[in-house]
Amino acid sequence: MKLATWNVNSLKVRLPHVLQWLADNPIDVLCLQETKLTDDKFPVAEIEAAGYQVAYTGQKTYNGVAILSRHPMTEVVRNNPLFPDEQQRIIAATIQDVRVVCAYVPNGQSVGSDKYEYKLKWLAALREWLAQELAQHPGLALLGDYNIAPADADVHDPAAWAGSVLVSEPEREAFRQLCALELKDAFRLFEQPEKTYSWWDYRQMAFRRNMGLRIDHILLSPPLAARCTACVIDRVPRKWEQPSDHTPVVATLS
DNA sequence: ATGGCGATCATAGATCGA
């Protein structure tokens with residue numbers, strides 16, 4: 001089973017990219033973030049025509065998440081039941097023996113801002129809910145845009161980024177608290193090329209200069225981590241015309 | 001120090017993202 005996550009920064013603009021990438025990479029499950037579509041505008045027919053079922057929850061302009069699956073989805077949950085929220089940032093579904101949680105973690109804007117406080121509260125509530133989910137679903141995968149670079153190795157210029165949003169210590173502690181649920185960062189289960197990132201700013205030719213951050217992650221519970229044979233970041237779609245600023249992360253389970 | 005770029009929307013400049 002192959003699972004992937006991709007922040008598409010508008011599914012309206014990026015639907016051709018998603019369909020092309022799925023044609024090239026016929027994986028089982030794809031989690032999307034930042035669809036930026038209300039549910040009435042979600043491109044269900046195009047995705048079904050590509051061979052995927054889909055569950056989604058969105059809103060106008062901001063946020064929005066979806067799960068595309070080649071296999072039936074059950075127990076679909078939208079949002080964190082422990083954290084009432086207007087912002088559509090979480091969708092979960094059970095696919096075969098895997099509880100798939102797709103998350104778009106708040107950006108946080110800047111350290112100390114209201115949005116930063118919201119991010120930390122949101123992450124604490126996510127952890128609380130995941131503990132409950134794990135009790136019912138031992139095989140759980142948390143895929144998404146975490147908006148956290150867990151370590152300096154995930155940052156192109158750690159000195160320049162030190163202490164700022166996406167790398168600050170409270171955010172990294174929140175990431176570690178998710179890992180403390182025994183979730184494993186699939187990417188770090190394997191030897192990886194240095195300076196591998198999942199996001200590059202549109203400005204300053206950041207992609208060409210590889211000025212990136214690794215902020216999109218797949219965390220796996222112990223039974224799934226034991227089955228994981230690979231985890232890669234696919235830079236290819238970032239080179240396409242009119243790309244998302246994020247690129248897919250893919251995990252393979254035996 | 002500021003703005004870079006891109007998407008969105010009360011379609012023009014503002015807001016947000018990361």
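Below, read A as the first sequence line, B as the second, and so on, with proteins coming before strands; counting in each chain starts at 1.
- Of the candidate nucleotides B/dA7, B/dA10, B/dG3, B/dA7 has the atom lying nearest to any side-chain atom of A/Lys36.
- Partner A/Ile95 forms a side chain to side chain contact (heavy atoms under 4.5 Å, CB included) with one of A/Thr74, A/Ile67, A/Asp28, A/Leu3 and no other, that one being A/Ile67.
- The side chain of A/Lys41 places no N or O atom within less than 4.0 Å of a non-bridging phosphate oxygen (OP1 or OP2) of B/dT8.
- In this structure, A/Glu169 places its CD atom where more than 12 heavy-atom neighbours from other residues, nucleotides or ligands lie under 6.0 Å away.
- Comparing the P positions of B/dG3 and B/dA12 gives an interatomic distance of 23 Å, to the nearest angstrom.
- Backbone-only contact: A/Tyr104 has heavy atoms under 4.0 Å from sugar-phosphate atoms and none from a base.
- If you take CG of A/Leu32 and C1' of B/dA7, they are 17 Å apart, rounded to a whole angstrom.
- Of the candidates B/dC16, B/dG6, B/dA7, the closest approach to any side-chain atom of A/Val13 belongs to B/dA7.
- Within 4.0 Å of A/Lys119, counting heavy atoms only, lies no atom of the nucleic acid at all.
- To the nearest whole angstrom, the two C1' atoms, one in B/dT11 and one in B/dA7, are 13 Å apart.
- Contact check, A/Ser10 against B/dG6: no side-chain N or O comes under 4.0 Å of OP1 or OP2.
- Distances shorter than 4.0 Å separate none of the side-chain N or O atoms of A/Asn9 from OP1 or OP2 on B/dA7.
- If you take CG of A/Leu11 and C1' of B/dT8, they are 15 Å apart, rounded to a whole angstrom.
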Passes side chain to side chain donor-acceptor pair (under 3.5 Å), A/His17 versus A/Trp6? Steps please. CA-CA 11 Å; A/His17 302 65; A/Trp6 193 3; over 6 Å; no

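- Straight-line distance between the C1' atoms of B/dG13 and B/dA1: roughly 23 Å, to the nearest whole Å.
- Backbone-only contact: A/Asn147 has heavy atoms under 4.0 Å from sugar-phosphate atoms and none from a base.
- Counting non-hydrogen atoms under 4.0 angstrom, A/Asn7 reaches the backbone sugars and phosphates but no base.
- Counting only N and O atoms by type, the side chains of A/Asn9 and A/Lys36 include a donor and acceptor under 3.5 Å apart.
- OP1 or OP2 of B/dA7 sits under 4.0 Å from a side-chain N or O of A/Gln242.
- B/dT15 and B/dA10 have their C1' atoms separated by 14 Å, with the value rounded to a whole Å.
- Proximity of A/Arg14 to the phosphate of B/dA7: a side-chain N or O atom is located under 4.0 Å from OP1 or OP2.
- A donor and an acceptor atom, one from each side chain of A/Asp234 and A/Trp21, are located under 3.5 Å apart.
- What separates CD of A/Gln59 from P of B/dG17 is a distance of 11 Å, to the nearest Å.
- Comparing A/Gly108 and A/Gln204 against DNA chain B, the residue whose closest nucleotide sits nearer the 5' end is A/Gln204.
- The listed nucleotides are B/dT8, B/dC5, B/dG17; the one nearest the side chain of A/Thr61 is B/dT8.
- Taking side-chain N and O atoms only, A/Lys115 has a distance below 4.0 Å to OP1 or OP2 of B/dG17.
- For the pair A/Arg214 and A/Tyr197, the NZ or CZ position fails the cation-pi test of under 6.0 Å to the six-membered ring centre and within 45 degrees of the ring normal.
- Counting to the nearest Å, the P atom of B/dA18 and the CE atom of A/Met211 are 17 Å from each other.
- The interatomic distance linking A/Asn63 (CG) with B/dC16 (P) rounds to 12 Å, in whole Å.
- Between the C1' atom of B/dC9 and the CG atom of A/Leu37 lies a distance of 14 Å, rounded to the nearest Å.
- The distance from atom NE2 of A/His246 to atom C1' of B/dC16 is 13 Å, rounded to the nearest whole Å.
- When the C1' atom of B/dA18 is taken as reference, atom CH2 of A/Trp199 falls 4 Å away, rounded to whole Å.
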